[in-house]
Amino acid sequence: MVLLDGKATSAQIKDEIAIEVQKLTAIGIKTPHLAAILVGSDGASLTYVNAKVKACAKAGFESTLVKLPEEISENDLLNEIKKLNKNPEIDGFIVQLPLPKHIDEQKVLMAVNPDKDVDGFHPTNVGKMALNLPTFLPATPFGILELLKRYEVETSGKHVVVIGRSHIVGSPMSILMAQKRTAGNATVTITHSRTKNLKEITRQADIIVAALGIPEFLTADMVKDGVSVIDVGITRIADESKKRGYRLAGDVHFESVSKKSSFITPVPGGVGPMTIAMLMKNTLQAAKNRS
Ligand code: GUN
């Protein structure tokens, strides 16, 4: 079993990005600047956004965190987005999800200028992604492709089973893996909560992407020997024995599934850090596009 080490791989990518930033600034191109909007004070979202901002600083980017109250109106949030769209200093920005229930997520994502949409969530960019045209790929699927590529996990002609159909991971992942690209050319099955006989399908998979958000859902009896497993889940589970009061669990029962796996991502330290590295890659690209 080979561990797909997202922590080490993302550190390598961030180093590569930092070197490129130095080269660009040396020839007079402005430092990439990422902004993030965080609405409310959800602990997990705050952790993720802080990690994104910290990673930017480390690679020599500028970063801005816009913290807005939970009760903000949809209109006021749309105005904040308009400001970032117009601000020439900002190369790319993200709106951290989920948003409070009174805000229409789709309306918000559609307000982001597609040229600054480094999350790749705007319909224009989703359309380009689906057509395999150059665009910002959503950071988590992009990170998974990069991890598969760098570890030379064979995907061509393989059966990839994606569990989960979210707009952020499952849906784009299924599209990308089927495309003609490195870490692509796969035969893809996308499954979800209405799928019948899921276990029969996952047992046929060469590669499984678990992105449904149910801790330790994928168990050893659901996979064949030699499978490669990408665990996108990251759920906080109350655990009094831990200092911070919780432990992190993926969507995969790592202990049992890893024994049958060729390649597997750990949680934490797998897909999560890759997401941040690829967001930075997109921001660097946005800055280059604008220069
Ligand atoms: N919430 C969970 N994943 C993501 C992501 O990739 N981007 C944003 N903006 N919010 C998220």
Side-chain angles (χ1 to χ4, degrees), residues 6 10 13 34-56 63-68 70 72 77-78 80-81 84-85 90-101 103-114 116-123 125-126 129 135-147 162-176 209-215 230-236 248-251 265 267-268 270-283 285-286:
S10 70
I13 294 168
L34 173 76
I37 295 182
L38 175 67
V39 181
S41 53
D42 173 67
S45 289
L46 188 63
T47 306
Y48 301 145
V49 171
N50 278 333
K52 290 171 185 177
V53 170
K54 240 183 168 169
C56 282
S63 65
T64 300
L65 177 56
V66 182
K67 275 190 184 173
L68 301 170
E70 180 87 24
I72 191 168
L77 175 57
L78 291 171
E80 291 293 333
I81 290 170
L84 292 177
N85 282 341
I90 306 290
D91 296 297
F93 68 97
I94 64 158
V95 181
Q96 185 65 28
L97 303 177
L99 289 168
K101 286 198 176 57
I103 293 172
D104 181 344
E105 183 178 295
Q106 204 51 47
K107 213 166 162 182
V108 166
L109 298 180
M110 283 176 70
V112 177
N113 176 352
K116 293 190 176 187
D117 170 36
V118 285
D119 252 335
F121 292 166
H122 189 283
N125 291 328
V126 177
M129 182 270 300
T135 186
F136 301 116
L137 296 183
T140 302
F142 193 11
I144 295 170
L145 295 182
E146 195 65 24
L147 206 50
V162 178
I163 313 175
R165 56 180 161 185
S166 72
H167 293 166
I168 298 180
V169 187
S171 176
M173 202 60 224
S174 68
I175 294 168
L176 291 162
V209 179
L212 70 161
I214 300 179
I230 306 293
D231 189 350
V232 183
I234 185 150
T235 307
R236 290 180 174 193
L248 294 173
D251 288 351
T265 60
V267 175
V271 172
M274 291 300 292
T275 296
I276 295 177
M278 303 323 272
L279 175 66
M280 297 177 66
K281 223 173 157 83
N282 280 345
T283 306
Q285 189 60 49

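Atoms within each ligand, like the ligands themselves, are counted from 1 in listed order. Fair warning: this is a prediction, and the values are worked out from it, not measured in the lab.
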Minimal non-hydrogen separation, L109 against F121, with atom names: CD1-CB, 4.0 Å
Tell me, please: is Y48 in heavy-atom contact with ligand 1, that is, under 4.0 Å? no
Under the salt bridge (charged side-chain N to carboxylate O under 4.0 Å, His left out) test, residues paired with K107 that sit two or more places apart: E74
Shortest non-hydrogen contact from M274 toward G143: CE-O, 3.4 Å
When you measure from atom 4 (C) of ligand 1 to each heavy atom in I168, V118, D119, which option holds the nearest one? I168
Residues two or more places apart in sequence or in another chain: which of them pass side chain to side chain donor-acceptor pair (under 3.5 Å) with D231? none
Identify, for atom 1 (N) of ligand 1, the protein heavy atom at the shortest distance, and state residue, atom and that distance. L97 O, 3.0 Å
On a heavy-atom basis, which atom in L77 and which in L68 lie closest, and how many Å separate them? CD1-CD1, 3.7 Å
Taking only non-hydrogen atoms of V95 and a 4.0 Å limit, the atoms of ligand 1 in range are 8 (C), 9 (N)
Heavy-atom nearest neighbour in the protein, as seen from atom 11 (C) of ligand 1, with distance rounded to 0.1 Å: Q96 NE2, 3.4 Å
